[in-house]
Amino acid sequence: KVFRHLVPDRTTLEVDIDLENEMSAPCPSDALHQVLLNLIVNARDAMADPGTIRITAKGDGPEDRPIRIIVEDDGPGIPEEEYHLVCRDFHTSKTDGHGAGLGLGIVTRVVKNHDGTLEFSRSGLGGLAVTIDFPLAESDHRTPETGGMSAKSLSEAGIRRAVIVGNDGQVGDLIAEELRQAGILV
């Protein structure tokens, strides 16, 4: 439902999510939202109206990256010899003046910054399929309040200071303690 407004009414948006409740990727929900948004917009722009976009999320990826997300469409696709080009900033195949050519570059950076892999292939629908595999988040360092981002990973990313904003003092105290243990000034 979150992405339905991005595509024309006549476009079919299929979503199949089959992940176990305890499966969580080390990618914050807002970053994953940005990835899906860019992939859906790219698919929408490539397809004829009406078209089909399918989003699948399953726990059947490779052993080291079991969370697999596939976004595919029935558009014209991209020639295999151009797969390496589409992740470059400002590369676009749109000839109508739409798009800045940043979408797939952003997707690539977000996925790689969260230990994921990205692969392009021909979709079973006929267009492009983008497959993203994520490892499981480190459950012993995660809290729901950090959106799947651990204090350890924040520290490793160079975050040295944090301000906690919220109205639940106990939750804030727990988060502050976890951040301090990771060497972050709160």
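Please read these numbers as outputs of a predicted model, since none were measured by experiment.
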hydrophobic_cluster_shared for Leu125 and Ile53, side chain cutoff 4.5 Å: no
Nearest heavy-atom neighbours spanning Arg65 and Asp133: CD-O, 3.5 Å
Any idea which heavy atoms bring Pro135 and His114 closest together, and the distance? CD-O, 4.1 Å
If you compare all heavy atoms of Met47 against all heavy atoms of Asp73, which two are closest, and at what distance to 0.1 Å? SD-CB, 3.7 Å
For the atom pair SG (Cys27) and CD (Gln34), what is the distance rounded to the nearest 0.5 Å? 10.5 Å
Side-chain heavy atoms of Val7 within contact of Ile40, under 4.5 Å: yes
Could you walk me through whether Ile132 and Val35 satisfy the side-chain contact (heavy atoms from CB on, under 4.5 Å) test, starting with their C-alpha distance in whole Å, then the side-chain angles of each, then the deciding distance to 0.1 Å, before giving a yes or no? CA-CA 10 Å; Ile132 299 168; Val35 165; 3.6 Å; yes
As a test of understanding, state which of Leu128, Ile55, Thr131 forms a side-chain contact (heavy atoms from CB on, under 4.5 Å) with Val71. Ile55
Can you name the closest pair of heavy atoms from Pro62 and Arg68 and give their distance? CD-NH2, 3.4 Å
Measure the spacing between CG of Asp115 and CG of Leu136 and express it to the nearest 0.5 Å. 11.5 Å
Pair Leu36, Val107 - check side-chain contact (heavy atoms from CB on, under 4.5 Å), show working. CA-CA 8 Å; Leu36 292 172; Val107 167; over 6 Å; no
Can you establish whether the number of heavy atoms outside Asp16 located under 6.0 Å from its atom CG is more than 12? yes
Tell me if a side-chain donor or acceptor on Arg122 pairs with a main-chain N or O of Gly126 at a distance below 3.5 Å. yes
Counting only heavy atoms not in Glu80, do more than 12 fall under 6.0 Å of its CD? no
Side chains of Leu118 and Lys112, heavy atoms from C-beta outward: is any pair under 4.5 Å? no
Is there a path of hydrophobic side-chain contacts, each under 4.5 Å between heavy atoms of I/L/V/M/F/W/Y residues, joining Phe3 to Ile69? yes
Quick check: closest heavy atoms across Gly116 and Phe134, and the distance to 0.1 Å? CA-CD2, 3.9 Å
With rounding to the nearest 0.5 angstrom, report the OG1 to CD distance, Thr56 to Glu14. 8.0 Å
Heavy-atom nearest pair, Arg4 first then Thr12, reads NH1-C, 4.3 Å
Are Ile70 and Ile67 connected, step by step, through hydrophobic side chains (Ile, Leu, Val, Met, Phe, Trp, Tyr) whose heavy atoms are closer than 4.5 Å? no
